[in-house]
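We're numbering straight along the sequence, starting at 1. All ligand and atom numbering here is 1-based and tracks the order in the structure.
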Amino acid sequence: MKRYLVTGGAGFIGSNFIKYIMQKQDVVVVNIDNLEYSGNLENLKEVENNSRYRFIHGDICNKELVEELFKREEFDYIVHFAAMTHVDRSIENVEPFIRVNISGTYNLLENARKAWFNEKGYMEEKKFLYVSTDEVYGDLGEGEYFTETTPIAPRNPYSASKAGAELMVRAYSETYKLPINITRCSNNYGPNQFPEKLIPLLVNNCINKKPLPIYGDGKSVRDWLFVKDHCTAIEIILEKGKVGEVYNIGGHNEKTTLDIAYMVVDYINKKYDKKVTRKLITYVADRKGHDRRYAISPAKMIKELNWFPSITFEEGIKLTIDWYMNHQEWLENIVNGEYKEYYKRRYGN
Ligand code: TYD
């Protein structure tokens, strides 16, 4: 029975991963999460009473707590999701991105190194998987794709902090031979995503008949992957990924912001509420340093690990919108918390 340490497991991708892996395999999961603004234990209702699951309310930057945890538990896999993840928040305030993303990652690396190394070298079948992002590559021109050898060139404080942490993971691999993998995934979407991100923000605003804020001309391109397909990719990389390697994860699903807004509005209009129309779309000032296009080549994942995304965007976006429409209480709980202030600060109402 594999023992996992999942960091940031109360967040969007982390909680989807925990639910996926616990249902699929007989594994033990310890989830450490500090329940900052986007961490939400509601996301883990399905597993909270499972005897193979344990939650620790704590910060990955807390040296004593993490050290104590590694003394108490023996982990086979560390899947490190915990991070400050929102570009717009990083533009507002850089410091937490450095603290959590860089120092937090260092703290985990250092403890994994100590825990997994003995007089015979590293214990076998251990792995530290760092969940990075395609955003570390920076902006991309038309017709090009990020591959694992594309130079890292982040352009905003969020992606710079992810790149910094990633380079430290690489250093632990090269210097101390810590068994690691790094994943760089494209934009995820699906249930439980915090509504500061594009798709749940659009759905939430449609529900409340609020303007749908589109940055700049709405032509920025993102490559969207359904969160479950990200989870299957991580599972395969943990088991079969070559130690020390970086893997790009994506599904060739390039859409402009405006494409997404039209899909969300049109689907809600057709299925749920005729009053939701494209008239809600409102152009607002562009994000500073806005990366125009991200697009990933998942060729290595496909060729070496035989991974394929299983959910088309057309299916996934409907599943996702239906989930939010059927979980409006979940959205309301968030909207009534810290989000209210954040939204006012950013969008003005
Ligand atoms: P986001 O979900 O923040 O992800 P990321 O910037 O990390 O890719 O944004 C996705 C795209 O949507 C990005 O091009 C910015 C755009 N966007 C808007 O146009 N309006 C919004 O209110 C938000 C949050 C994003």
> Above 12 or not: heavy atoms from other molecules or residues under 6.0 Å from CZ of Arg52?
Replying inline: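 Yes, the 6.0 Å shell around CZ holds more than 12 heavy atoms from other groups.
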>> Going by the rule side chain to side chain donor-acceptor pair (under 3.5 Å), which residues pair with Glu315 if we only count those two or more places apart in sequence or in a different chain?
In response: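 Only Thr312 meet the side chain to side chain donor-acceptor pair (under 3.5 Å) criterion with Glu315.
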>> I need the full list of salt bridge (charged side-chain N to carboxylate O under 4.0 Å, His left out) pairs touching residues 103-126, with sequence neighbours left out, sorted by first then second residue.
In response: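 Counting only pairs at least two positions apart or across chains, the salt bridge (charged side-chain N to carboxylate O under 4.0 Å, His left out) contacts touching residues 103-126 are Lys2-Glu125, Asp76-Lys126, Glu110-Arg113, Glu110-Lys114.
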> In this structure, which one of Ile296, Asn248, Ile182 forms a side chain to side chain contact (heavy atoms under 4.5 Å, CB included) with Glu148?
Replying inline: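 Among Ile296, Asn248, Ile182, the one meeting side chain to side chain contact (heavy atoms under 4.5 Å, CB included) with Glu148 is Asn248.
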So what's ligand 1 close to, N/O to N/O, under 3.5 Å?
{"from": "ligand 1", "atom 1": "2 (O)", "to": "Leu198", "atom 2": "N", "distance (Å)": "2.9"}
{"from": "ligand 1", "atom 1": "3 (O)", "to": "Arg287", "atom 2": "NH2", "distance (Å)": "3.0"}
{"from": "ligand 1", "atom 1": "4 (O)", "to": "Asn187", "atom 2": "ND2", "distance (Å)": "3.4"}
{"from": "ligand 1", "atom 1": "6 (O)", "to": "Arg287", "atom 2": "NH1", "distance (Å)": "2.5"}
{"from": "ligand 1", "atom 1": "6 (O)", "to": "Arg287", "atom 2": "NH2", "distance (Å)": "3.4"}
{"from": "ligand 1", "atom 1": "7 (O)", "to": "Glu135", "atom 2": "OE2", "distance (Å)": "2.5"}
{"from": "ligand 1", "atom 1": "8 (O)", "to": "Asn187", "atom 2": "ND2", "distance (Å)": "2.9"}
{"from": "ligand 1", "atom 1": "8 (O)", "to": "Arg222", "atom 2": "NE", "distance (Å)": "2.6"}
{"from": "ligand 1", "atom 1": "14 (O)", "to": "Ser220", "atom 2": "OG", "distance (Å)": "2.8"}
{"from": "ligand 1", "atom 1": "14 (O)", "to": "Arg222", "atom 2": "NH2", "distance (Å)": "3.4"}
{"from": "ligand 1", "atom 1": "14 (O)", "to": "His290", "atom 2": "NE2", "distance (Å)": "2.8"}
{"from": "ligand 1", "atom 1": "19 (O)", "to": "Tyr215", "atom 2": "N", "distance (Å)": "2.9"}
{"from": "ligand 1", "atom 1": "20 (N)", "to": "Pro213", "atom 2": "O", "distance (Å)": "2.8"}
{"from": "ligand 1", "atom 1": "22 (O)", "to": "Pro213", "atom 2": "O", "distance (Å)": "3.4"}
{"from": "ligand 1", "atom 1": "22 (O)", "to": "Tyr347", "atom 2": "OH", "distance (Å)": "2.7"}

> Taking the six-membered ring where the residue is Trp, are the ring centres of Tyr339 and Tyr37 under 6.0 Å apart?
Replying inline: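 No; Tyr37 has its ring centre 6.0 Å or more from that of Tyr339.
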>> For Asp291, give me all partners under salt bridge (charged side-chain N to carboxylate O under 4.0 Å, His left out), at least two apart in sequence or on another chain.
In response: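 Checked Asp291 against salt bridge (charged side-chain N to carboxylate O under 4.0 Å, His left out); matches are Arg155.
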